[in-house]
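Notes for the one structure printed next.
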Amino acid sequence: TNLTNLVTLNLYTNALTGNIPSDIGNLTKLTSLNLYGNALNGSIPPSIGNLTNLTTLYLYTNQLSGSLPSEIGTLTKLTGLVIFGNQLSGDVPSAIGNLINLTDLRLYSNQFTSLPPEIVNLTKLTLVDLSGNRLSNIPEGLYTITTITTLNLGTNYLTNISSNIGNLINLKDLRVN
C-alpha cells in the first residue's frame, strides 16, 4: 500500500468481507484503526504489531477467528483495545502485559480461555469487559488495578470470584452474572 502517511483509518460499519490484509502493517503512522462493524474474517495478522503508533484498535463485531497475536504487545501506546463480538479463541498472550497505557480493554463475546498474569501491568485500566468468553479463572493481579471502575466477568466458566475483588476501591459497575 502507498498510504504510508495515513494517521487514521476508519472503515467501520460497512459490509467489508475477507481477511485483514497483512499489508496493514505498512501503515506505521496510524494512530487509530477502526474496522468494526463489518464481516471481516480470518485471523488478526501479526503485522498489526508494526503499528506502534496506534492508540486505538477497534476490530469489534466482525467474524475474526484464531488467537490474538503476541505481536499485539508491541502496541505500547494503545489506550483502547476493543475486539469484542468476534470468534477469537485460545489464551490471551502474555505480551498484552506490555500495553501499559491501556485504559479500555473489551474482549467480551469471544472464546478466550485464559488471561495471563501479566495483566497486572495494565495499571491504567478503567473499563474491563471479559464477559461471554470461556474463562475459568481470573488472574489475581487484575484485582490490584485500583483504577478499574467497570468490570464485567459474566457468562464465563468461573466457579468463584476472589475476595481480593474488594481491593478495587474505585469500582462502580461490577457484573458477574
Side-chain angles (χ1 to χ4, degrees), residues 1-116 118-135 145 147-150 152:
T1 179
N2 295 327
L3 303 174
T4 56
N5 289 311
L6 205 59
V7 174
T8 301
L9 182 57
N10 291 326
L11 296 173
Y12 55 87
T13 58
N14 284 290
L16 298 176
T17 59
N19 295 343
I20 298 172
S22 61
D23 288 358
I24 197 90
N26 296 335
L27 305 177
T28 57
K29 293 186 180 174
L30 276 184
T31 60
S32 184
L33 178 57
N34 300 312
L35 301 178
Y36 62 87
N38 284 292
L40 297 170
N41 58 31
S43 57
I44 298 172
S47 63
I48 204 103
N50 297 342
L51 307 180
T52 57
N53 288 305
L54 275 186
T55 57
T56 55
L57 179 59
Y58 293 164
L59 302 178
Y60 60 91
T61 57
N62 277 289
Q63 297 163 16
L64 298 170
S65 59
S67 59
L68 188 60
S70 60
E71 289 81 359
I72 203 92
T74 64
L75 308 181
T76 58
K77 295 180 182 176
L78 213 58
T79 59
L81 177 59
V82 183
I83 57 175
F84 66 82
N86 283 290
Q87 295 149 22
L88 297 167
S89 60
D91 301 337
V92 174
S94 60
I96 201 169
N98 297 338
L99 307 182
I100 58 171
N101 290 300
L102 208 59
T103 60
D104 181 356
L105 178 62
R106 286 182 271 171
L107 305 181
Y108 67 89
S109 297
N110 278 291
Q111 298 167 20
F112 291 118
T113 52
S114 73
L115 293 174
E118 289 82 0
I119 202 161
V120 70
N121 299 336
L122 309 182
T123 59
K124 296 181 180 178
L125 283 175
T126 57
L127 188 157
V128 179
D129 194 334
L130 304 171
S131 63
N133 279 287
R134 296 178 177 176
L135 302 173
I145 305 172
T147 52
I148 295 174
T149 59
T150 301
N152 190 344

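Hydrogens, waters and symmetry mates play no part in the numbers below; they use all other heavy atoms, side chains included. All values reported here derive from a predicted model rather than from experimental measurement.
Nearest heavy atoms, Pro46 versus Pro69: CA-CB, 4.2 Å. In this structure, Ala39 and Gln63 approach most closely via the heavy-atom pair CB-NE2, 3.8 Å. The shortest non-hydrogen separation linking Val82 to Asp104 is CG2-OD2, 3.7 Å. Closest approach of Leu125 to Leu105, counting heavy atoms only: CD2-CB, 3.8 Å. Nearest heavy atom pair, residue Pro116 against residue Val92, reads CD-O, 3.4 Å. Looking at every heavy atom in both residues, Asn86 comes nearest to Tyr60 through ND2-CA, 3.9 Å.
In this structure, Leu81 CG and Arg106 CZ are separated by 10.0 Å, a value rounded to the nearest 0.5 Å. A distance of 11.0 Å separates OG1 in Thr31 from CG in Leu78, rounded to the nearest 0.5 Å. The CD1 atom of Ile44 sits 9.5 Å away from the OG atom of Ser65 when rounded to the nearest 0.5 Å. Between Thr4 atom OG1 and Asn2 atom CG the span is 7.5 Å, to the nearest 0.5 Å. Rounding to the nearest 0.5 Å places CG of Leu35 at 8.5 Å from CG of Leu64. Separating the CG atom in Leu51 from the CD1 atom in Ile72 is a distance of 9.0 Å, to the nearest 0.5 Å.
Looking at Thr147 and Thr123, their side chains never come closer than 4.5 Å, going by heavy atoms from C-beta outward. With a 4.5 Å cut-off on side-chain heavy atoms, Lys124 and Asn101 count as touching. At least one side-chain heavy atom of Ile24 sits under 4.5 Å from a side-chain heavy atom of Leu9. Looking at Phe112 and Leu68, their side chains come closer than 4.5 Å, going by heavy atoms from C-beta outward.
Although no hydrogens or angles enter the test, the distance criterion places no donor-acceptor pair under 3.5 Å between the side chain of Ser22 and the main chain of Pro45. Looking at Asn110, its side chain does come within 3.5 Å of a backbone N or O of Ile83 through a donor-acceptor pair. With hydrogens and angles disregarded, a donor-acceptor distance shorter than 3.5 Å links the side chain of Asn14 to the backbone of Tyr12. For the pair Asn133 (side chain) and Gln111 (backbone), a donor-acceptor distance under 3.5 Å is present. Although no hydrogens or angles enter the test, the distance criterion places a donor-acceptor pair under 3.5 Å between the side chain of Thr126 and the main chain of Thr103. Side-chain atoms of Ser109 do not come within 3.5 Å of backbone N or O of Phe84 as any donor-acceptor pair. Distance alone, capped at 3.5 Å, places no donor-acceptor pair between the Thr79 side chain and the Leu102 backbone.
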### Criterion side-chain contact (heavy atoms from CB on, under 4.5 Å) on Asn98 and Thr74, from CA distance to verdict
CA-CA 7 Å; Asn98 297 338; Thr74 64; over 6 Å; no
### Message
With side-chain contact (heavy atoms from CB on, under 4.5 Å) as the criterion, how do Asn19 and Asn41 come out once you've worked through the C-alpha distance, each side chain's angles and the decisive distance to 0.1 Å?
### Response
CA-CA 5 Å; Asn19 295 343; Asn41 58 31; 3.1 Å; yes
### Task
Before giving the answer on side-chain contact (heavy atoms from CB on, under 4.5 Å), spell out for Leu33 and Ile48 the whole-Å C-alpha distance, their side-chain angles and the decisive distance to 0.1 Å.
CA-CA 10 Å; Leu33 178 57; Ile48 204 103; 3.9 Å; yes
### Residues Leu127, Thr149; criterion side-chain contact (heavy atoms from CB on, under 4.5 Å); working and verdict
CA-CA 6 Å; Leu127 188 157; Thr149 59; 5.7 Å; no
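Residues passing the side-chain contact (heavy atoms from CB on, under 4.5 Å) test with Lys77 are Asn53, Thr55, sequence neighbours excluded. Partners of Ser114 under the side-chain contact (heavy atoms from CB on, under 4.5 Å) rule, at least two apart in sequence or in another chain, are Asp91.
Using modelled atom types and a 3.5 Å distance limit, the side chains of Asn34 and Ser32 yield a donor-acceptor pair.
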